[in-house]
Amino acid sequence: MERRGVSLDSTSLEGVSRELTDLLGEIESRAEDAAGIRVNLRSPSQVSSVLFDHLGLPRIGRTGKGAASSDATVLQALAGLHPFVGLVAEHREISKLISTYVGKLPSFVSPVTGLIHTSFNQAVTATGRLSSSDPNLQNIPIRTERGREIRRCFGAPRAGDVLVSADYSQIELRVLAHLAGGGALRRAYREDADIHSRTALAVFGSSSPEHRRKAKEINFSIIYGVSAHGLAQRLGVDRGTASGIINRYFAAYPEVDAYFRSCVAETESRGETRTILGRRRLFRNLASARGNTRKSMERMAVNTTVQGSAADLMKLAMIRAADRLDREVPEAGLVLQVHDEIVASCPPGRAEDVAGILRESMEGAYRLEVPLRVETGWGENWLEAHG
DNA sequence: CCGCCGTGCCAC
DNA sequence: AAACGTGGCACGGCGG
Ligand SMILES: Nc1nc2c(ncn2[C@H]2C[C@H](O)[C@@H](COP(=O)(O)OP(=O)(O)OP(=O)(O)O)O2)c(=O)[nH]1
Ligand SMILES: [Mn+2]
Ligand SMILES: [Mn+2]
């Protein structure tokens, strides 16, 4: 994957850059008008002094060091109190896209190949996932419309080829259903349910793509131990409402709560946890940990077991997919891995075959108590293939 | 000039 | 920000 590389449409990216840069300048001048004072919006300390000293807005949250925070959740809570708040939020969105992606990615294009060659690090994460660096191609934007314009600029390494994407459906929830013993979650997946959509419908009354995406965050935050307070802030509802959502979740899937406790107990007694394929992560001081430190380690232990097992499956799938492509579609090859997604490239006429091979490799990676499902797509660029 | 820390935010 | 987790990275601020 590293050697094969991925192409970046620098011309289109240049267009995105000009639009975002213009927009950012507009935001900066409007923000200074709103604040009535000169301010560098890239400086959290300057933004905080405008928000909380100059404008006198309430301090809502604190940073790790105890200073007043101005992060996105705080800005969300302050929205409507002063026009400066929304301008800071918008500035953060646009400046992030420029500084991390639009302004940086072109410098990673190799003068030799004309492609971007990331590093996929195999011994960095604590759970067995890969990571990607220089540049990180596992966090290319997709959430906002402006971000999607960036994703649209990624294409197959060979001109004329297409990208083929295959992404596991609800992967860690399926792994959890496997690990958590018989129950409603396992039954749901045997009936091919979409729990993300189910949660979206229950919480928002809609399963639109945006609501499903938010429901995903709700589902994973709940299974990994979110507090009513934390969920309330994420959803913008009061603690009572959030508490009700969590309680209904565990009432519907009591085996999830039971698994959390049993996983913690086993990790404590063995001093380690193991994934489905036997990858170990040590938790030698869980047994002696107390208070918030212990709670935090408990969440890490459960997450490691599930996330690490999902990473196991993905690695098996990649071995099989690479081998089959080699034999069956030699003009195709793996290009990227994004935790539960494989991106390959091939001539357009072979896209359907390649998608089938990726699907079979991933769905058949390992037999679980629930079926594994994969969504595939292809197109000229990554957004078309994945989106 | 360089490296570190704190803060913040992108993705899964 | 907070009792979801796993990452990488940019910037400002500061000190060597
Ligand atoms: N703890 C935690 N894990 C997450 C979060 N977002 C994603 N993940 C993990 C769990 C997911 O199963 C896995 C793959 O992410 P995806 O975006 O592909 O979501 P998922 O496969 O669950 O749903 P999908 O059917 O592909 O839309 O990454 C999160 O906010 N918190
Ligand atoms: Mn997925
Ligand atoms: Mn995915």
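This structure is a prediction, so every number in the text was calculated from the model and none was measured. Naming convention: chains lettered A, B, ... in sequence-line order (proteins, then strands); numbering from 1 in each chain.
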Name each donor-acceptor pair under 3.5 Å that joins a side chain in residues 241-250 of chain A to protein atoms two or more places apart or in another chain, with its distance.
from: A:Thr241; atom 1: OG1; to: A:Asp238; atom 2: OD1; distance (Å): 3.0
from: A:Thr241; atom 1: OG1; to: A:Asp238; atom 2: OD2; distance (Å): 3.4
from: A:Asn247; atom 1: ND2; to: A:Ser243; atom 2: O; distance (Å): 3.3

What residue among A:Lys216, A:Arg174, A:Arg212 forms salt bridge (Lys or Arg N to Asp or Glu O under 4.0 Å) with A:Asp194?
A:Arg212
Around A:Gln76, counting heavy atoms of other residues, nucleotides and ligands shown, do more than 12 lie under 6.0 Å from its CD?
no
When we call it a touch if two heavy atoms are under 4.0 Å apart, what does A:Leu97 touch: a base, just sugar-phosphate, or nothing?
nothing
Taking A:Phe154 as the fixed residue, which of A:Leu137, A:Asp9, A:Leu336, A:Val343 is the one that meets the side-chain contact (heavy atoms from CB on, under 4.5 Å) rule?
A:Leu137
For A:Ile140, report the nucleic acid contact type (base, sugar-phosphate, nothing); a contact means any heavy atom under 4.0 Å.
sugar-phosphate
Does A:Thr127 have a side-chain nitrogen or oxygen under 4.0 Å from the phosphate oxygens OP1 or OP2 of C:dG7?
no
When all nucleic acid strands are considered with a 4.0 Å heavy-atom cut-off, which category describes A:Gln233: base, sugar-phosphate, or nothing?
base
For A:Thr118 and A:Pro135, the nearest pair of non-hydrogen atoms, with its separation, is OG1-O, 2.6 Å
Just checking, is any N or O donor in the side chain of A:Ser221 or A:Arg234 under 3.5 Å from an acceptor N or O on the other one?
no
Can you sort out the partners of A:Arg152 under side chain to side chain contact (heavy atoms under 4.5 Å, CB included), two or more places apart, ordered by chain and number?
A:Glu145, A:Glu149, A:Asn381, A:Leu383
Could you tell me whether the side chain of A:Arg129 has a donor or acceptor atom within less than 3.5 Å of a complementary atom in the base of B:dC12?
yes
Describe, in one word, how the ring planes of A:Phe204 and A:His211 are oriented to each other, choosing from parallel (under 30°), tilted (30 to 60°) and perpendicular (over 60°).
parallel
Side chain to side chain donor-acceptor pair (under 3.5 Å) contacts in which one or both residues fall within residues 49-60 of chain A, not counting sequence neighbours:
A:Asp53-A:Arg59
Does anything in residues 280-308 of chain A reach DNA chain B, meaning a heavy atom under 4.0 Å, and if so which residues?
none
To the nearest angstrom, the CG-P distance between A:Leu137 and B:dC12 comes to 13 Å
Side chains of A:Val6 and A:Leu115 in contact at under 4.5 Å (non-hydrogen atoms):
no
Using the C1' atom on both, measure C:dA3 against B:dG6 and round to a whole Å.
22 Å
Gap between atoms CZ and P, on A:Phe52 and B:dT7 respectively (whole Å):
13 Å
Spacing between A:Leu173 atom CG and B:dC12 atom C1', to the nearest angstrom:
13 Å
Using atom CD of A:Gln122 as one end and atom P of C:dG7 as the other, report the distance to the nearest whole Å.
15 Å
Could you check A:Val226 against A:Ser69 and say which one's nearest nucleotide on DNA chain C is further toward the 5' end?
A:Ser69
Figure out the CZ/C1' separation between A:Phe220 and C:dG7, and round it to whole Å.
16 Å
Indicate, with a heavy-atom threshold strictly under 4.0 Å, whether A:Gly147 touches base, sugar-phosphate, or nothing.
nothing
NA contact type, A:Arg92, heavy-atom cut-off 4.0 Å: base, sugar-phosphate, or nothing?
sugar-phosphate
I want to check something: taking the side chain as every heavy atom from C-beta on, are A:Val164 and A:Cys346 in contact at a cut-off of under 4.5 Å?
yes
Can you tell which of C:dG7, C:dA3, B:dC9 lies closest to the side chain of A:Ala126?
C:dG7
Using atom NZ of A:Lys216 as one end and atom P of B:dC12 as the other, report the distance to the nearest whole Å.
7 Å
Distance check, P atoms only: C:dG8 and C:dC4, in whole angstrom units.
22 Å
Any base atoms under 4.0 Å from A:Ala311, or only sugar-phosphate, or nothing? Heavy atoms, all strands.
nothing
Using Watson-Crick or G-U wobble pairs with both distances under 3.5 Å, give me DNA chain C in dot-bracket, 5' to 3', with [ ] for crossers and | for pairs to another strand.
....||||||||||||
Take nucleotides 8-16 of chain C nucleotide by nucleotide from the 5' end and write B, S or -, depending on whether a protein heavy atom sits under 4.0 Å from the base, only from the sugar-phosphate, or from neither.
BSSSSS---
To the nearest Å, how far apart are A:Glu90 CD and B:dC9 P?
14 Å
Atom CD of A:Glu93 and atom C1' of B:dA11: how far apart are they, to the nearest Å?
15 Å
Please determine whether residues A:Leu13 and A:Ile142 belong to a single hydrophobic cluster, defined as Ile, Leu, Val, Met, Phe, Trp and Tyr linked transitively by side-chain heavy-atom distances below 4.5 Å.
no
Quick check on DNA chain C: between A:Ser221 and A:Thr73, whose nearest nucleotide comes earlier from the 5' end?
A:Thr73
Base, sugar-phosphate alone, or nothing: which one does A:Arg213 contact when heavy atoms must sit under 4.0 Å apart?
nothing
Aromatic rings A:Phe220 and A:Tyr224: how do their planes relate, parallel, tilted or perpendicular, breaks at 30° and 60°?
parallel
